[in-house]
Amino acid sequence: MMHISYDIIVVGGGHAGCEAALASARMGMHTALLTMNLDTIAQMSCNPAIGGLAKGQLVREVDALGGEMGKVIDETGIQFKLLNASKGHAVRSPRAQADKKLYQFTMKRRLEEQANLSLRHDCVEDIAVHDNKALVLAAKSGTEYRAKAVIITTGTFLNGLIHIGKSQSKGGRSSEPSADKLSNCLQNLGLELDRLKTGTPPRLNGNSITYDFLQEQEGDEQPTAFSFSTKKIQRPQIKCYITYTNSLTHEIIRSNLDRAPAFTGQIKAVGPRYCPSIEDKITRFPDRDHHQIFLEPEGLDTTEVYCNGISTSVPYDVQEEMIRSIKGLENAEITRYGYAIEYDYVPPTQIKPSLETKNVENVFLAGQINGTSGYEEAAAQGIMAGINAVLKIKGSEPFVLDRSEAYIGVLIDDLVTKGTREPYRMFTSRAEYRLVLRHDNADRRLMKYGYQYGLVSKKQLNELLEKEKIITETSEYIEHNKNGEDSLLKLLRRPKMGFNDLLQIDENLRERNISASVQEQVEIQAKYEGYINRQRQQIEKFKKMENLSLPSHFHYDSIPGLRKEAQQKLDVFRPVSLGQASRISGVSPADISILMVYLMSKSKENTQSVVT
């Protein structure tokens, strides 16, 4: 048997695994990424796109921390759109259609070229823990891998079961095997597992689609990049198209629900609420006579088209009939059938805010194994797990972003505090402080952390500091200089005024050659100053609760007046702060008041004992 040792091993080569491995290696750790198939690293198993509502914010935050997803999509994107551009800045989000294979191979190349990082084609089947720290991984190849920390990012591969009609087959993805032994291993480590379900739609041969009468959807004339290091999007942009299901489509599906595994009891796991199958849509919304379908090309060098909006697991013949009932798809050829997949996950109340498991030290979980859906949520967890695994080995405090700092903080806090029994998806509505947590200011919020942990260069940080300086100088200039009787600041605050209008009326401002990103920040600060200040006051109150830490070995059953349900929930979740405790379902405001009084009384007792 061969023995190989690393500092950190990442299990799984999806979007979480890529970011985790890169972060670990860039922070100086001897890192290995083990995956069952090196050819599918960073594969887009479902929608060939990055970003979207709230997801775009996550990608920007990953980039600000020194991650790779934003850079790769900027290099390989084939259509860019800023969603909600006509609405307020708090809900705007970038999204890009990807050249699917180019994205995958570009990310793989970044991993291959990364110092301190080894890629290995192998399948982990068992994890042995010694002294609750040292880790030994037994692989299918017979190799024994040793590590100081392990990050598990297995996606949908744990006991994966694929459904198409009555047909069932083991698999973590179409034509790829599942990881069954690793599920048993996690249970042996004391982790509770549950099941979730997700799905994918059919793909079509684009040459067989009749586009003439379909609605065109073009990208933005000036694409919004994801990475703060990207100066300009260089790749050619393509069109997508929109079509709709109709009453005939719905009737075809309804008449075959007895063959749809989600409705026959064959699939028992819970599916995504906000990305349901077309079977779910027509039964949940029986009054709707149509549903929108986005036809999205999968790349510049392929004719395959992704049918966004009709995820399904009905039998092959029903998929054929369904597709050909849709306008523009009457003669369409299906290249890949849609399917549903059930898989194991670890209910995330079993992990700490650092993403380390509570049961086993130095084992971290990231991505769909924690119950999330989406490439962006996975990447966000991946980079955080990578950073924290390194910090754990070094004996440093974990890196935890709170809800007022980042969407990443909202994501992880929701998972560890509330858990999830359905695939979790990020939305702007989940972030209480979304006016402060915008996609446009992720660098100003988070790049300092990326630099602190060695993931952002000194050059990048200096560019940010220079940007901050120019924002301050420009804000002061427009506040103290007038056009007529009003200051430029007052003019900018008018509803139909923008920074470009100020440039037209003030020559000195025009001569400063202020960048578009600085203009945007100055304009937002000017127009939303009152709202932003109010939100910052709310954040200060929030921080006070978050800063009241709770001991890790607190005996909640010893606190007088605390309800039994609260005692039980607090014992299970072991919150790290009073703020986190307040967000646990079953813990009431009255319970929090009792906890606060108890903490204050204990603090006074400790102070008095020190004095005496």
Side-chain angles (χ1 to χ4, degrees), residues 8-21 23-24 31-35 62 124-129 132-133 135 137 147-160 172 179 181-196 198 343-393 398-401 408-409 411-421 423-424 426 572-574 576:
I8 292 174
I9 291 177
V10 178
V11 180
H15 303 280
C18 290
E19 296 293 352
S24 170
T31 306
L33 185 150
L34 306 185
T35 177
V62 168
V124 174
E125 296 185 332
D126 194 25
I127 301 174
V129 179
N132 206 37
K133 285 187 180 179
L135 299 136
L137 282 68
K148 298 171 186 175
V150 171
I151 304 170
I152 303 174
T153 68
T154 45
T156 60
F157 280 76
L158 292 179
N159 265 331
K181 290 185 178 180
L182 192 53
S183 276
N184 297 331
C185 163
L186 294 176
Q187 287 179 311
N188 292 336
L189 292 177
L191 293 170
E192 172 205 343
L193 302 185
D194 207 339
R195 300 282 279 174
L196 288 177
T198 189
Y343 56 95
D344 288 346
Y345 82 108
V346 177
T349 52
Q350 299 171 87
I351 58 175
K352 302 174 184 177
S354 64
L355 300 181
E356 183 183 24
T357 63
K358 294 175 181 177
N359 275 17
V360 185
E361 208 171 339
N362 292 17
V363 173
F364 295 78
L365 308 181
Q368 282 179 284
I369 192 172
N370 288 333
T372 57
S373 66
Y375 313 141
E376 304 81 7
E377 289 90 343
Q381 293 171 73
I383 193 168
M384 295 298 286
I387 293 170
N388 278 314
V390 175
L391 295 177
K392 184 64 188 288
I393 291 173
F399 175 44
V400 177
L401 290 165
I408 293 175
L411 166 67
I412 295 176
D413 184 66
D414 278 353
L415 293 175
V416 303
T417 303
K418 302 172 184 176
T420 186
R421 293 292 173 180
Y424 177 101
M426 179 53 70
V572 170
F573 285 81
R574 309 306 304 178
V576 297

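Here the structure is a predicted model, which means the values were calculated and not measured.
Distance alone, capped at 3.5 Å, places no donor-acceptor pair between the Asn159 side chain and the Asp344 backbone. Checking side-chain atoms of Thr153 against main-chain N and O of Val11 turns up a donor-acceptor pair under 3.5 Å. At least one donor-acceptor pair closer than 3.5 Å links the side chain of Asn388 to the backbone N or O of Phe399. Although no hydrogens or angles enter the test, the distance criterion places no donor-acceptor pair under 3.5 Å between the side chain of Ser24 and the main chain of Gly386. The backbone N or O of Val416 sits nowhere less than 3.5 Å from a side-chain atom of Lys352 that would complete a donor-acceptor pair.
A search for side chain to side chain contact (heavy atoms under 4.5 Å, CB included) contacts involving Ala380 returns Leu58, Val62, Ile408, Leu411, not counting sequence neighbours. Scored by the salt bridge (Lys or Arg N to Asp or Glu O under 4.0 Å) test, Arg421 finds Glu192, Asp194 as partners (sequence neighbours excluded). In this view, Tyr424 and Asp414 satisfy the side-chain hydrogen bond (donor to acceptor under 3.5 Å, both in side chains) rule, not counting sequence neighbours. Residues passing the side-chain hydrogen bond (donor to acceptor under 3.5 Å, both in side chains) test with Asn188, sequence neighbours excluded: none. Take Phe573 and apply the ring-ring contact (aromatic ring centres under 6.0 Å, His included) test, not counting sequence neighbours, and it matches no residue. Scanning for side-chain hydrogen bond (donor to acceptor under 3.5 Å, both in side chains) contacts around Thr154 gives an empty result, with sequence neighbours left out. Judged as a side-chain hydrogen bond (donor to acceptor under 3.5 Å, both in side chains), and not counting sequence neighbours, the contacts of Asn370 are Gln381. Applying the salt bridge (Lys or Arg N to Asp or Glu O under 4.0 Å) test to Glu19 and every residue at least two apart in sequence or in another chain returns nothing. Scanning for salt bridge (Lys or Arg N to Asp or Glu O under 4.0 Å) contacts around Asp126 gives an empty result, with sequence neighbours left out.
A 4.5 Å side-chain heavy-atom check between Ile412 and Leu401 finds every atom pair outside the cut-off. Residues Ile127 and Ile152 form a side-chain contact, since some pair of their non-hydrogen atoms from C-beta on lies under 4.5 Å apart. Inter-residue side-chain proximity for Leu191 and Val360 is flagged as unmet; no heavy-atom pair is nearer than 4.5 Å. Looking at Met426 and Glu377, their side chains come closer than 4.5 Å, going by heavy atoms from C-beta outward. Residues Val10 and Leu34 are not in side-chain contact: their nearest non-hydrogen atoms beyond the backbone lie 4.5 Å or more apart. With contacts defined as side-chain heavy-atom distances shorter than 4.5 Å, the pair Thr31/Ile9 does not qualify. Tyr345 places none of its side-chain heavy atoms less than 4.5 Å from the side chain of Arg195. Between Asn362 and Val150 there is no side-chain heavy-atom pair separated by less than 4.5 Å.
A distance of 11.5 Å separates CD of Gln350 from CG of Leu189, quoted to the nearest 0.5 Å. Separating the CD1 atom in Ile369 from the CD1 atom in Ile151 is a distance of 12.0 Å, to the nearest 0.5 Å. To the nearest 0.5 Å, atoms CG (Leu196) and OG1 (Thr420) are separated by 7.0 Å. Between the CG atom in Leu158 and the CD atom in Gln368 there is a gap of 10.5 Å [rounded to 0.5 Å].
The ring-ring contact (aromatic ring centres under 6.0 Å, His included) analysis of residues 358-379, with sequence neighbours excluded, yields the pairs His15-Tyr375. Annotation: salt bridge (Lys or Arg N to Asp or Glu O under 4.0 Å) contacts involving residues 363-376, sequence neighbours excluded, comprise Lys55-Glu376. For residues 380-392, the set of pairs meeting the salt bridge (Lys or Arg N to Asp or Glu O under 4.0 Å) definition, not counting sequence neighbours, comprises Glu356-Lys392, Glu361-Lys392.
When the shell of 6.0 Å around NZ of Lys181 is examined, it contains 12 or fewer heavy atoms from other residues, nucleotides or ligands.
When every heavy atom of Gly155 is checked against every heavy atom of Tyr343, the shortest pair comes out as O-CD1, 4.0 Å. Closest heavy-atom contact between Ile393 and Ala149: CD1-CB, 4.0 Å. When all heavy atoms of Ala385 and Ala366 are compared, the pair lying nearest together is CB-CB, 4.0 Å.
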Chi angles and distances behind the side chain to side chain contact (heavy atoms under 4.5 Å, CB included) call for Leu193, Val346: CA-CA 5 Å; Leu193 302 185; Val346 177; 3.5 Å; yes

